Amino acid sequence: MLLTYQYKLNPTPQQVVTMEAWGELLRRHYNYALGQRLDWLNRSRCQIDRCSLVCEPIGEISEKADYYTQASDLKQTKELFAEYKNIYADCQQQNLMRLDKAWKRWLIPDKNGKRGGRPRFKKHGDICSFTFPRVNSPKAGAHLVIDRDWNSAINLLNFGSVGLPIPGCGGLGDTQPMRQQVSYVNLRCCR
């Protein structure tokens, strides 16, 4: 059974600044990816019974923008914009998965025939969390460390060690640092 626990992080002021910067960069990336999808949708649709004389898409219609094409462009994004190099790749992929889930909810109806609303562009401060999907695995971006005195900390890639007052936990599934009034972390534990 998977249980999710929420614990308060004890980050340093420098780590708080870095977390907020990551949130802002992930928000920009989310908005850019959503813009790509909406642009593709507008360019690839036209009226069935007539052709518009006023406006037609100019230029080539790019390939369909979905999770896989946008995730493959992450490497190019990191080359073009140096600030994205510090963000862990799995965090960016989880951000695109979040968008893909909202996109599919909008386009594909559920079993009752209802659809979600169109995904919205995120305003400043709307993305208040990012996910490290792997914890304590060889390629993980987060490692839980418990010393002899049962003092625990979580080592987040590019953040360093962040104090975390938690009891012993079985196997960790994923970690999601989030911003509320103060910094918290969601840990999904296998019990």
Side-chain angles (χ1 to χ4, degrees), residues 2 4 18-135 137-142 156-159 173-179 185-186 188:
L2 286 177
T4 302
T18 307
M19 285 182 184
E20 289 176 357
W22 276 31
E24 178 61 20
L25 289 172
L26 290 173
R27 179 191 72 84
R28 290 179 188 173
H29 188 250
Y30 180 98
N31 287 343
Y32 179 76
L34 178 58
Q36 276 184 327
R37 289 175 184 229
L38 292 173
D39 184 52
W40 172 82
L41 192 68
N42 290 336
R43 286 174 169 265
S44 62
R45 303 289 186 261
C46 66
Q47 303 260 342
I48 293 176
D49 59 342
R50 61 190 168 274
C51 184
S52 173
L53 296 175
V54 178
C55 64
E56 284 294 321
I58 298 173
E60 287 185 22
I61 296 175
S62 59
E63 63 182 59
K64 182 178 179 181
D66 60 354
Y67 168 76
Y68 299 103
T69 57
Q70 290 177 335
S72 66
D73 291 340
L74 286 177
K75 194 171 189 179
Q76 184 181 6
T77 301
K78 289 186 176 195
E79 290 173 1
L80 292 174
F81 304 102
E83 58 267 13
Y84 284 97
K85 288 182 181 177
N86 297 329
I87 298 179
Y88 189 53
D90 281 354
C91 292
Q92 289 179 312
Q93 290 168 356
Q94 290 292 319
N95 196 34
L96 288 175
M97 283 183 190
R98 181 185 293 180
L99 171 62
D100 195 50
K101 190 175 181 181
W103 185 260
K104 287 179 180 174
R105 227 180 297 136
W106 177 48
L107 293 181
I108 302 169
D110 64 2
K111 63 181 180 181
N112 297 326
K114 297 187 178 187
R115 297 177 187 211
R118 182 177 74 90
R120 304 281 183 225
F121 289 101
K122 302 291 184 185
K123 293 180 280 193
H124 179 73
D126 275 357
I127 292 188
C128 59
S129 68
F130 45 90
T131 304
F132 288 94
R134 297 180 280 186
V135 178
S137 66
K139 292 185 177 181
L156 299 174
L157 188 73
N158 295 336
F159 288 105
D174 62 4
T175 302
Q176 184 176 12
M178 52 195 276
R179 178 175 45 86
V185 65
N186 285 340
R188 192 165 293 144

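Treat the numbers as computed from the prediction; the structure is a model and nothing was measured. Numbers for residues simply follow the sequence, beginning at 1.
Rounded to the nearest 0.5 angstrom, I127 CD1 and N95 CG are separated by 4.5 Å. A distance of 13.0 Å separates CG in L26 from CG in D126, rounded to the nearest 0.5 Å. Atom OG of S129 sits about 10.5 Å away from atom CD of Q94, to the nearest 0.5 Å.
For the side chain to side chain donor-acceptor pair (under 3.5 Å) condition, the pairs that include at least one residue of residues 82-93, sequence neighbours left out, are D90-R134. Listed by first and then second residue, the side chain to side chain donor-acceptor pair (under 3.5 Å) pairs that reach into residues 108-119 come to none, sequence neighbours excluded. Note on residues 64-76: pairs passing side chain to side chain donor-acceptor pair (under 3.5 Å), not counting sequence neighbours, are Q36-Q70, R37-Q70, D66-T69.
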Quiz item: Between I87 and K78, is a side chain to side chain contact (heavy atoms under 4.5 Å, CB included) present by the stated rule, with each step listed?
Solution: CA-CA 9 Å; I87 298 179; K78 289 186 176 195; 5.5 Å; no
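Partners of K122 according to the side-chain hydrogen bond (donor to acceptor under 3.5 Å, both in side chains) rule, which considers only residues two or more places apart in sequence or in another chain, do not exist here. Applying the ring pair (Phe, Tyr, Trp, His ring centres under 6.0 Å) criterion to W103, with sequence neighbours excluded, gives W106.
Residue-environment remark: CZ (F121) exceeds the threshold of 12 foreign heavy atoms within 6.0 Å.
Contact of the H29 side chain with the L96 side chain is registered, since non-hydrogen atoms from C-beta on lie closer than 4.5 Å.
Between the N42 side chain and the D39 main chain, no donor and acceptor come within less than 3.5 Å of each other.
Residues R27 and G125 share a closest heavy-atom pair of CD-N, 4.3 Å. In terms of heavy atoms, A33 sits closest to L99 at CB-CD2, 3.5 Å. Here the closest heavy-atom approach between residue A65 and residue W40 is recorded as N-CG, 4.2 Å.
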